[in-house]
Amino acid sequence: MSITATTEPAEQAGQEHFDAIIAADQRIEPRDWMPEKYRRTLIRQISQHAHSEIIGMQPEANWITRAPSLKRKAILTAKVQDEAGHGLYLYAAAQTLGITRDEMTMQLIEGRARYSSIFNYHTPTWADMGAIGWLVDGAAICNQVPLCRASYGPYGRAMVRICKEESFHQRQGFEILMELSNGTPEQKQMAQDAVDRWYWPALMMFGPSDEHSPNSAQSMAWKIKRFSNDELRNRFVGMCVPQFEALGLECPDKDLRFDEETGTWITGEIDWDEFNAILDGRGPANTQRLRHRREAHESGAWVREAAAEYARKQRERDQQPIAA
Ligand code: FAQ
């Protein structure tokens, strides 16, 4: 049985080829026939992911000028640059599906596209850089390692490199928190407060619970997603438990429990009203993040115009006959 309904007889061969590739756990490449809904699902997910990387530069870039040492400043600058690179690989992967970078950018700055809920929170202290690295990059890795096996080739390959870099990011966040946790009582409290701020939003990064996730079943059948939102969220929590202990910090989830029967960690109640408010654009920093992105796009217009003009002149020069 085909895993996507098709009505056009002319599409039958393409559909059969597509189904066989998915069933054999091989990769769909840009020139292969693919169902229109598969293409649109990928554009949605990959562009949202790219936007998240680009918007995700803001909360940390905010601390580059105030990092507590030259070493920390250099590390944070490199991390923010890495996120820009991730955004670019992902925009390039989405472009192979027939959407332009301009279209994706306009969708973002006009508020028509989503980006991860996590980047709509403020970063009031240096410890937030530790909590973002440890929890946000940690959650991102947990979600993204299975995406390295996504059925769409360009996406899976982009994810391999991204995950390698995210692992460094996670370690640097953990190390910031470790240093603060072993510092003065005030520093330890600062680390705890930051972890309290970021823990629940990090769990929301995995998306709505499985029963409220409209896209999961189809995305899993197409092997874009390999695990459900709740499966990955619970896996992530399980990874955090021993790390909380190593850091000497308290887990803010007082109802967290290990279910012996299923062998998984079960989180306490997640505040889905907060999540939905952020998705509706009503989070603490939604307006600021989009305004900043829009202004950056507008102030970069002259660079795009100059690059286009340079390319035009070069094309013109290439067409001129070579002088004797
Ligand atoms: N925020 O049916 P599902 C990072 C939307 S990168 C906002 O479950 P799906 C690196 C979802 O789009 C972080 N919206 O959807 C970094 C859908 O809306 P739509 C980004 C969310 O796609 C670190 C609706 O809810 N990572 O952190 C969120 O099957 C530090 C229904 O949801 C990725 O994008 C959310 N958290 O599963 C950078 C990973 N969750 O489009 C800088 C790739 C759900 O129908 C600093 N993406 N929604 O209107 C994915 O794995 C999936 O797209 C999920 C959502 C799991 C996010």
Side-chain angles (χ1 to χ4, degrees), residues 37 40-63 76 78-87 89-90 93-94 107-108 111-121 123 128-150 152 155-156 158-159 162-163 165-170 172-173 198 200-222 224-233 236 270 272 274-281 283 286 289:
K37 276 192 181 160
R40 277 193 274 122
T41 296
L42 281 165
I43 290 179
R44 177 184 65 78
Q45 178 164 328
I46 302 172
S47 65
Q48 284 175 4
H49 193 164
H51 299 328
S52 306
E53 301 281 357
I54 297 299
I55 296 277
M57 293 162 74
Q58 293 185 37
E60 289 174 293
N62 183 36
W63 271 94
L76 191 58
K79 179 179 192 291
V80 172
Q81 282 174 339
D82 282 354
E83 311 301 359
H86 298 173
Y89 309 148
L90 288 164
Q107 288 172 355
L108 174 65
R112 291 183 280 122
R114 294 197 190 287
Y115 59 88
S116 182
S117 51
I118 194 74
F119 301 117
N120 293 302
Y121 293 88
T123 48
D128 290 295
M129 298 304 98
I132 290 183
W134 179 44
L135 291 171
V136 176
D137 285 281
I141 294 168
C142 201
N143 164 265
Q144 292 170 17
V145 165
L147 291 174
C148 296
R149 293 191 291 123
Y152 188 58
Y155 190 31
M159 291 316 306
I162 291 175
C163 284
E165 294 178 350
E166 298 290 21
S167 302
F168 281 112
H169 298 173
Q170 198 257 358
Q172 68 86 40
W198 292 91
W200 292 106
L203 297 195
M204 295 175 197
M205 286 173 72
F206 294 92
S209 63
D210 292 350
E211 55 182 324
H212 294 111
S213 166
N215 302 301
S216 280
Q218 182 63 82
S219 287
M220 286 170 75
W222 278 328
I224 297 171
K225 285 167 87 162
R226 297 285 177 154
F227 299 97
S228 76
N229 298 355
D230 287 334
E231 279 171 328
L232 291 175
R233 185 172 10 250
F236 170 65
I270 293 175
W272 293 115
E274 178 180 318
F275 176 74
N276 290 326
I278 292 187
L279 262 59
D280 277 355
N286 287 62
R289 298 284 182 250

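Residues: numbered from 1 along the sequence shown. Start at 1 and go down the list; that is how both ligands and their atoms are numbered.
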**Asked** Quick one: does ligand 1 sit under 4.0 Å from the side chain of I118, the backbone, both or neither, non-hydrogen atoms only?
**Response** neither
**Request:** Do me a favour and list the nearest non-hydrogen protein atom to atom 12 (O) of ligand 1 with residue, atom name and distance?
**Result:** Q48 OE1, 2.9 Å
**Prompt:** Numbering the atoms of ligand 1 from 1, which are under 4.0 Å from a heavy atom of Y155?
**Reply:** 43 (C)
**Prompt:** How far is atom 25 (O) of ligand 1 from its nearest protein heavy atom, and which residue and atom name does that atom have?
**Reply:** L279 CD2, 3.8 Å
**Mode of A140 contact toward ligand 1 - side chain, backbone, both, neither (heavy atoms, under 4.0 Å)** = side chain
**Request:** For atom 26 (N) of ligand 1, state which one of M57, Q144, M159, M205 supplies the nearest heavy atom.
**Result:** Q144
**Message:** Does any N or O of ligand 1 fall below 3.5 Å from an N or O anywhere on G56, backbone included?
**Reply:** no
**Message:** Please check whether D137 reaches ligand 1 - meaning an N/O of the residue sits under 3.5 Å from an N/O of the ligand, judged on distance alone.
**Reply:** no
**Asked** Closest non-hydrogen protein atom to atom 36 (N) of ligand 1, residue and atom name please, with distance?
**Response** S117 OG, 3.1 Å
**For ligand 1, the portion of K79 having any non-hydrogen atom under 4.0 Å away** = side chain
**Message:** Show the atoms of ligand 1 that are less than 4.0 angstrom away from any heavy atom in G207.
**Reply:** 40 (N), 44 (C)
**Asked** Got a second to check how far I46's CD1 is from H51's NE2, nearest 0.5 Å?
**Response** 11.5 Å
**Prompt:** Between the side chains of Y121 and D128, is a donor N or O closer than 3.5 angstrom to an acceptor N or O?
**Reply:** no
**Side-chain heavy atoms of E83 within contact of E60, under 4.5 Å** = yes
**Prompt:** Among protein heavy atoms, which sits nearest to atom 50 (C) of ligand 1, and what does the distance come to when rounded to 0.1 Å?
**Reply:** Q45 NE2, 3.5 Å
**Item:** Side-chain donor or acceptor of Q58 paired with backbone N/O of R289 under 3.5 Å
**Value:** yes
**Nearest-option assignment for atom 38 (C) of ligand 1, heavy atoms, candidates R44, E83, H49, H51** = E83
**Message:** Is the contact between Y115 and ligand 1 made by the side chain, the backbone, both, or neither, using heavy atoms and a 4.0 Å cut-off?
**Reply:** backbone
**Message:** With a 4.0 Å cut-off on heavy atoms, is E166 in contact with ligand 1?
**Reply:** yes
**Asked** What do you reckon, does K225 have a nitrogen or oxygen under 3.5 Å from a nitrogen or oxygen of ligand 1?
**Response** yes
**Message:** Yes or no: does H86 have any heavy atom under 4.0 Å from an atom of ligand 1?
**Reply:** no
**Asked** In terms of ring plane angle, is the pair H49 and Y155 parallel, tilted or perpendicular, where the classes change at 30° and 60°?
**Response** perpendicular
**Asked** Nearest 0.5 Å, what's the CZ-CG distance between R114 and L108?
**Response** 13.0 Å
**Asked** Does F227 come within less than 4.0 Å of ligand 1, judged by its heavy atoms?
**Response** no
**Message:** What I'd like to find out is whether the side chain of I162 reaches to under 4.5 Å of the side chain of Y89, using heavy atoms alone.
**Reply:** yes
**Message:** Return the closest protein heavy atom for atom 31 (C) of ligand 1 as residue, atom name and distance.
**Reply:** P214 CD, 3.7 Å
**Request:** Could you tell me the separation between the SG atom of C163 and the CZ atom of F168, rounded to the nearest 0.5 Å?
**Result:** 13.0 Å
**Prompt:** If you round to the nearest 0.5 Å, how far is OG of S117 from CD1 of I278?
**Reply:** 6.0 Å
**Asked** Would a 4.5 Å heavy-atom cut-off, applied to side chains only, mark P201 and E274 as touching?
**Response** yes
**Message:** Please list the nearest protein heavy atom to atom 18 (O) of ligand 1 with its residue and the distance rounded to 0.1 Å.
**Reply:** R114 NE, 2.9 Å
**Item:** Steps toward side chain to side chain contact (heavy atoms under 4.5 Å, CB included) verdict (F206, N143)
**Value:** CA-CA 7 Å; F206 294 92; N143 164 265; 4.0 Å; yes
**Item:** From CE (M57) to CZ (F119), nearest 0.5 Å
**Value:** 11.5 Å
**Atoms in ligand 1 with a heavy atom of F206 nearer than 4.0 Å** = 56 (C)
**S213, any N or O under 3.5 Å of ligand 1 N or O** = yes
**Prompt:** Quick check: does any side chain N or O of D210 sit under 3.5 Å from a backbone N or O of D230, one acting as donor and the other as acceptor?
**Reply:** yes
**Complete:** for atom 45 (O) of ligand 1, nearest protein heavy atom and its distance come out as N215 ND2, 3.3 Å
**Complete:** S52 heavy atoms within 4.0 Å reach ligand 1 at atoms 13 (C), 20 (C)
**Request:** Would you mind running through ligand 1 and noting each atom that sits below 4.0 Å from a heavy atom of M204?
**Result:** 36 (N)
**Prompt:** Salt bridge check: are K79 and D82 linked by an N-O gap of less than 4.0 Å?
**Reply:** no
**Request:** Looking only at protein heavy atoms, identify the closest one to atom 51 (O) of ligand 1 and say how far it is in Å.
**Result:** N143 ND2, 3.0 Å
**Request:** Enter the distance from S228:OG to R233:CZ here, rounded to the nearest 0.5 Å.
**Result:** 8.5 Å
**Prompt:** Can you check whether Q45 reaches L42 side chain to side chain, under 4.5 Å on heavy atoms?
**Reply:** no
**Asked** For H212, is at least one N or O under 3.5 Å away from an N or O on ligand 1?
**Response** no
**Request:** Check P59 against I132 and note the closest heavy-atom contact, atom names and distance.
**Result:** CB-CD1, 4.2 Å
**Prompt:** Do E60 and ligand 1 have an N or O pair less than 3.5 Å apart?
**Reply:** no
**Message:** Using heavy atoms and a 4.0 Å limit, tell me yes or no: is L147 in contact with ligand 1?
**Reply:** yes
